[in-house]
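Report on the following structure.
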Amino acid sequence: MSQSLSSSRRCFSLLILILTIVKTYSSSCSSSSTSFHCPPFNSSPPFPFSTSPGCGHPHFQIQCSSPRATISIKNLTFSLLHYSSLSSSLTLSPQLDSNQNNCSSLRFSSSSPNRFIDLTGSPFRVSDSSCSRLSLLRPCSPLTLPNCSRCPQDCKLLKNPGRILHGCESTHGSLSEQGCQGDLLSFLQDFFTRFGFEVEWDESQDPYFAKCKDCRVKNGVCGFNSTHPRQDFICFSSQRETTTVNNHVAVLCLIFALTCLLLAISVAVAIFRSRRASFLSSVNEEDPAALFLRRHRSAALLPPVFTFEELESATNKFDPKRKIGDGGFGSVYLGQLADGQLLAVKFLHHHHGATAADTEHCKAFSMKSFCNEILILSSINHPNLVKLHGYCSDPRGLLLVHDYVTNGTLADHLHGRKSAMTWRIRLDIALQTALAMEYLHFSITPPVVHRDITSSNIFVEKDMRIKVGDFGLSRLLVFSESTVNSATSSDYVCTGPQGTPGYLDPDYHRSFRLTEKSDVYSYGVVLMELMTGMKAVDQRREKRDMALAELFVSKLQMGLLDQVVDPLIASDDDGGVAAVAELAFRCVAVDKDDRPDAKEIVGELRRIKSRTRVGEDDVAKC
Ligand SMILES: *[C@@H]1O[C@H](CO)[C@@H](O)[C@H](O)[C@H]1NC(C)=O
Ligand SMILES: *[C@@H]1O[C@H](CO)[C@@H](O)[C@H](O)[C@H]1NC(C)=O
Ligand SMILES: *[C@@H]1O[C@H](CO)[C@@H](O)[C@H](O)[C@H]1NC(C)=O
Ligand SMILES: *[C@@H]1O[C@H](CO)[C@@H](O)[C@H](O)[C@H]1NC(C)=O
């Protein structure tokens with residue numbers, strides 16, 4: 001199979017070469033341009049996007065720039081945070097003004113004076129889920145307005161937050177105080193820069209696409225007259241400059257492409273057969289209908305606020321029989337909402353001496369931060385992270401509601417039920433966990449430090465894919481505690497619950513800070529668990545071997561790794577185990593600067609995985 005893969009790769013690179021030659025002869029709007037880096041696109045932006053004026057759709061002209069491309073819609077410039085070709089959606093982050101006069105940066109010099117961002121007249125509309133999230137925003141009462149003659153825009157916005165995005169005005173008449181924003185302006189600034197809002201476009205509603213369809217039927221390339229004020233549609237004929245020589249090249253190219261296609265199909269079929277089981281679920285996930293449903297379900301789930309009564313009845317009054325876990329931060333119950341949906345409800349260990357002041361939540365400074373944090377965490381979206389669906393802050397308890405993952409935790413699999421996981425599966429779990437960590441550390445600004453990466457926080461699905469849970473949780477807890485203790489405590493980072501013994505960065509005792517590299521340390525311990533099947537801390541072991549990190553490192557240094565590697569995987573080792581052991585060793589380095597970062601870990605694991613041949617037993621299963 002690898003032979004056919006490499007030959008198909010060679011075939012494709014030759015094809016690309018030919019296409020580049022052909023391209024130099026054809027019109028400048030040819031869709032097959034050489035690829036260049038233009039994030040968030042993987043290569044050159046696909047139609048209807050374009051980087052050269054006159055090509056593509058006039059409203060989809062983008063500027064490639066670092067770190068993100070920008071798009072201009074009705075004289076407002078937005079950074080592109082994300083693009084999905086599947087759902088025809090873009091995530092936009094408006095470029096904020098610099099901070100003047102101590103007003104917020106939420107000033108947009110749009111043409112319509114009463115709206116902040118108004119997309120009407122463009123092909124874009126704000127997605128339902130972004131809209132419902134924003135329409136729920138409201139400031140807490142009593143409203144404290146800034147100096148309205150100095151910051152007129154901020155005043156307008158606070159009086160009517162729905163104005164920020166045209167079409168997303170609040171439809172909720174009487175909202176409770178729960179979930180209100182004490183500092184709405186900072187929240188919005190933070191939200192827009194970190195997550196942006198999603199816009200969609202509908203090709204069937206836009207006349208450009210209808211004309212383009214006809215144009216393409218005639219083998220034309222869609223563009224527009226960039227010098228005309230109306231930017232009229234133009235169908236460029238790709239045959240315009242074609243010569244007979246080019247025709248020959250084209251015919252050759254076609255034959256070549258067909259050969260390649262056949263080869264690619266046969267390779268794809270082979271791969272598909274061998275991985276049918278694991279592919280099936282991911283294919284389902286990308287089904288447009290499923291995507292649609294998911295988007296609307298998440299909109300229906302908003303607001304991300306549940307009442308205590310709702311969650312009490314969902315869990316049958318926190319029935320001990322429904323308890324599915326006991327983490328460092330609280331107990332987890334299986335909950336069933338009125339609509340039948342299964343969710344995990346985490347009852348966080350009670351705030352110390354909850355007082356009446358708690359019901360005034362969101363008014364105190366720290367509670368505001370707490371609410372912001374929850375809203376931000378609930379916006380995080382990664383296939384390997386448990387999704388936070390909402391929360392409930394009530395004098396009776398603080399509850400978080402997240403995905404219910406069916407197949408137990410990694411700790412259950414490694415130490416409890418002793419399900420025989422092959423080395424390949426373990427390597428896969430290591431990689432997925434690293435991807436989740438990379439996302440938290442590198443794809444979100446400011447980065448989120450998980451603070452409690454342990455095998456009990458890695459949840460396993462039926463198909464052995466994993467989701468990491470409880471991220472950012474310790475910080476949430478500290479926020480809620482400081483509400484009670486003091487509203488001014490600024491050193492909250494130092495007072496929080498500090499991870500789980502056996503996984504805790506030794507550097508913490510020196511600096512009293514948990515950083516990304518602390519997550520890397522904990523991750524290193526999880527890698528060791530995956531390799532040895534031993535617990536991170538086991539009091540049945542001798543005192544100096546109690547902590548797995550120490551035991552593992554000493555065995556590795558003595559060259560006695562075989563003594564600790566799980567016998568279950570020692571047999572199907574083909575070189576990967578030693579490399580992963582080396583990686584784990586670097587992750588638990590005492591000096592945090594010696595530890596690799598999450599990006600490096602992902603790269604290293606990918607390399608190891610590509611070197612690991614498909615095990616015989618995996619092939620036999622097909
Ligand atoms: C965009 O700005 C230009 C010049 O500043 C102005 O002439 C034009 O009318 C504006 N267009 C819109 C849609 O506001
Ligand atoms: C802006 O705020 C800072 C601190 O809050 C204050 O010292 C400064 O005088 C303010 N500037 C203006 C122009 O109001
Ligand atoms: C509001 O700002 C204006 C202009 O900067 C200033 O003249 C006025 O005194 C300020 N009012 C208050 C109440 O601070
Ligand atoms: C584009 O528009 C200009 C006038 O704005 C016109 O002179 C020109 O002929 C148009 N080009 C095409 C190809 O239609």
Side-chain angles (χ1 to χ4, degrees), residues 22-33 44-63 71-75 77 96-111 113-116 121-123 138-161 163-164 181-189 203 206-243 246 363 365 368 488:
V22 170
K23 192 237 159 199
T24 55
Y25 287 98
S26 65
S27 100
S28 57
C29 276
S30 169
S31 51
S32 62
S33 57
S44 55
F47 183 82
F49 296 94
S50 164
T51 51
S52 40
C55 304
H57 190 300
H59 280 108
F60 289 74
Q61 300 287 299
I62 60 174
Q63 227 97 49
I71 189 168
S72 184
I73 305 174
K74 296 184 73 187
N75 281 0
T77 308
L96 300 178
D97 264 345
S98 59
N99 195 326
Q100 287 168 2
N101 286 337
N102 284 0
C103 305
S104 79
S105 334
L106 296 162
R107 270 167 296 126
F108 308 102
S109 32
S110 165
S111 50
N114 285 326
R115 299 283 164 219
F116 287 79
S122 78
R138 61 210 172 279
C140 297
S141 57
L143 186 59
T144 46
L145 290 173
N147 183 338
C148 286
S149 59
R150 196 156 37 82
C151 311
Q153 296 281 65
D154 287 353
C155 262
K156 275 188 193 167
L157 193 56
L158 282 172
K159 286 177 187 158
N160 184 359
R163 282 184 169 171
I164 191 85
Q181 293 298 322
D183 188 352
L184 184 74
L185 299 171
S186 324
F187 174 79
L188 276 172
Q189 286 181 52
E203 304 203 346
D206 190 292
Y208 177 94
F209 289 101
K211 289 178 189 160
C212 182
K213 219 172 174 178
D214 297 339
C215 171
R216 284 184 159 176
V217 168
K218 296 178 208 136
N219 280 327
V221 174
C222 305
F224 62 95
N225 188 345
S226 54
T227 55
H228 195 279
R230 277 205 318 267
Q231 306 197 310
D232 292 330
F233 178 83
I234 294 179
C235 182
F236 294 111
S237 152
S238 57
Q239 258 87 54
R240 201 172 39 182
E241 291 151 71
T242 317
T243 61
N246 263 331
K363 288 186 182 170
F365 167 79
K368 175 206 73 184
T488 54

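In each ligand, atom 1 is the first atom listed, and ligand 1 is the first ligand listed.
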Rounding to 0.5 Å, atoms CD1 (I62) and CZ (F49) come to a distance of 6.5 Å

Is there a side-chain contact between Q61 and S50 in this structure, where contact means two heavy atoms from C-beta onward sitting under 4.5 Å apart?
yes

Between H59 and Y208, is the ring centroid distance below 6.0 Å?
no

So do Q189 and L106 actually touch side chain to side chain, heavy atoms under 4.5 Å?
yes

Neighbouring residues of ligand 4, heavy-atom cut-off under 4.0 Å
N225, T227, H228, I234

Report yes or no: is the cationic atom of R216 (NZ for Lys, CZ for Arg) closer than 6.0 Å to the six-membered ring centre of F47, at no more than 45° off its axis?
yes

For S149, atoms of ligand 3 separated by under 4.0 Å from a heavy atom
1 (C), 2 (O), 3 (C)

State whether cysteine residues C215 and C235 meet the disulfide criterion of an SG-SG distance below 2.5 Å.
yes

